[in-house]
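The figures here come from the full heavy-atom set of this structure, side chains too, leaving out hydrogens, waters and symmetry mates.
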Amino acid sequence: MKWNKILLTVLAFCFTMVLTAQGPARDRIKTLKVAYITEQLGLTPTEAQSFWPVYNAHEEQLERIRKKEREKFVGVQTDMSVITDEQANDMVNSFVFLQQQKHEIEEKFIKDLRTVISNKKIILLFRAENNFKKRLLQEYRNKRGQR
């Protein structure tokens, strides 16, 4: 039962990412995110020049993992009664492998960030990313509610 919840959570997350980040809206969101993070971290021009290449490379790596998640899990039968134990095992193994890859990417990202910005600004980055996501979801909910 626990794995079903995890799998459904992953599916819901991936579906949300697909819906909210397509086309010109994706570019607009990225632009807003860059501005928000820059402001929240108070990056100096020198820091920004070193920070953004590291950050963008990290985002590209994560996007490749997210793409693999979508390919592996989105569109999969949600009726667990038609999935064999072997298929479920393969899905869980794939999920664990992708999570391990994400963890390795995050470790490298933090290591790289430490050469560019202070630990305090790294913490501010994590907060800024979470706050940005919350604001984005709230805006999405508000627009959806107006329809």
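- Residues E69 and Q99 have side chains in contact (heavy-atom distance under 4.5 Å, counting atoms from C-beta outward).
- Side-chain contact between W52 and I37 is present, with heavy atoms from C-beta onward closer than 4.5 Å.
- Judged by distance alone, the side chain of E47 and the main-chain N or O of T44 form a donor-acceptor pair under 3.5 Å.
- From L43, atom CG reaches atom CG of L124 across 9.5 Å, with rounding to the nearest 0.5 Å.
- Taking T84 as the reference, Q87 meet the side chain to side chain donor-acceptor pair (under 3.5 Å) condition, with sequence neighbours excluded.
- Among all heavy-atom pairs drawn from A48 and P53, the shortest one is O-CD, 4.2 Å.
- Between atom CG of residue L136 and atom CD1 of residue I29 there is a gap of 4.5 Å, rounded to the nearest 0.5 Å.
- Counting only residues at least two apart or in different chains, salt bridge (charged side-chain N to carboxylate O under 4.0 Å, His left out) contacts with residues 104-118 comprise K108-D112.
- Annotation: the span from I105 atom CD1 to H103 atom NE2 amounts to 11.5 Å, rounded to 0.5 Å.
- A continuous path of Ile, Leu, Val, Met, Phe, Trp and Tyr side chains, each step under 4.5 Å between heavy atoms, connects I110 with I117, placing both in one hydrophobic cluster.
- H58 has its side chain out of reach of L113: every pair of non-hydrogen atoms, C-beta onward, lies at least 4.5 Å apart.
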Query - Audit row: E59, K33, salt bridge (Lys or Arg N to Asp or Glu O under 4.0 Å) steps and yes/no - result: CA-CA 12 Å; E59 286 293 303; K33 185 177 181 182; 3.6 Å; yes

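- I123 and L41 sit in two unconnected hydrophobic clusters of ILVMFWY residues. Membership requires side-chain heavy atoms under 4.5 Å apart, directly or through other members.
- Summarising the geometry, atom CZ belonging to F51 is positioned 11.5 Å from atom OG1 belonging to T115; distances are rounded to the nearest 0.5 Å.
- Annotation: side chain of M91 is not in contact with side chain of F95 (no heavy-atom distance under 4.5 Å).
- With a 4.5 Å cut-off on side-chain heavy atoms, Q101 and K68 count as touching.
- In this structure, the separation between CZ on R135 and OH on Y36 is 4.0 Å, given to the nearest 0.5 Å.
- Remark: of the listed residues R70, K30, K102, R70 is the sole one forming a salt bridge (Lys or Arg N to Asp or Glu O under 4.0 Å) with E63.
- Not one N or O on the side chain of N89 forms a donor-acceptor pair closer than 3.5 Å with the backbone of D85.
- Side-chain atoms of Q138 and N142 include a donor-acceptor pair closer than 3.5 Å.
- Once rounded to the nearest 0.5 Å, the distance linking CD of Q100 with CD1 of I65 reads 11.0 Å.
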Ignoring hydrogens and angles, write down the donor-acceptor pairs under 3.5 Å from the side chains of residues 125-132, residues two or more places apart or on other chains.
residue : atom : partner : partner atom : Å
E129    : OE2  : Y55     : OH           : 2.6
N130    : ND2  : F126    : O            : 3.4
N131    : ND2  : R127    : O            : 3.3

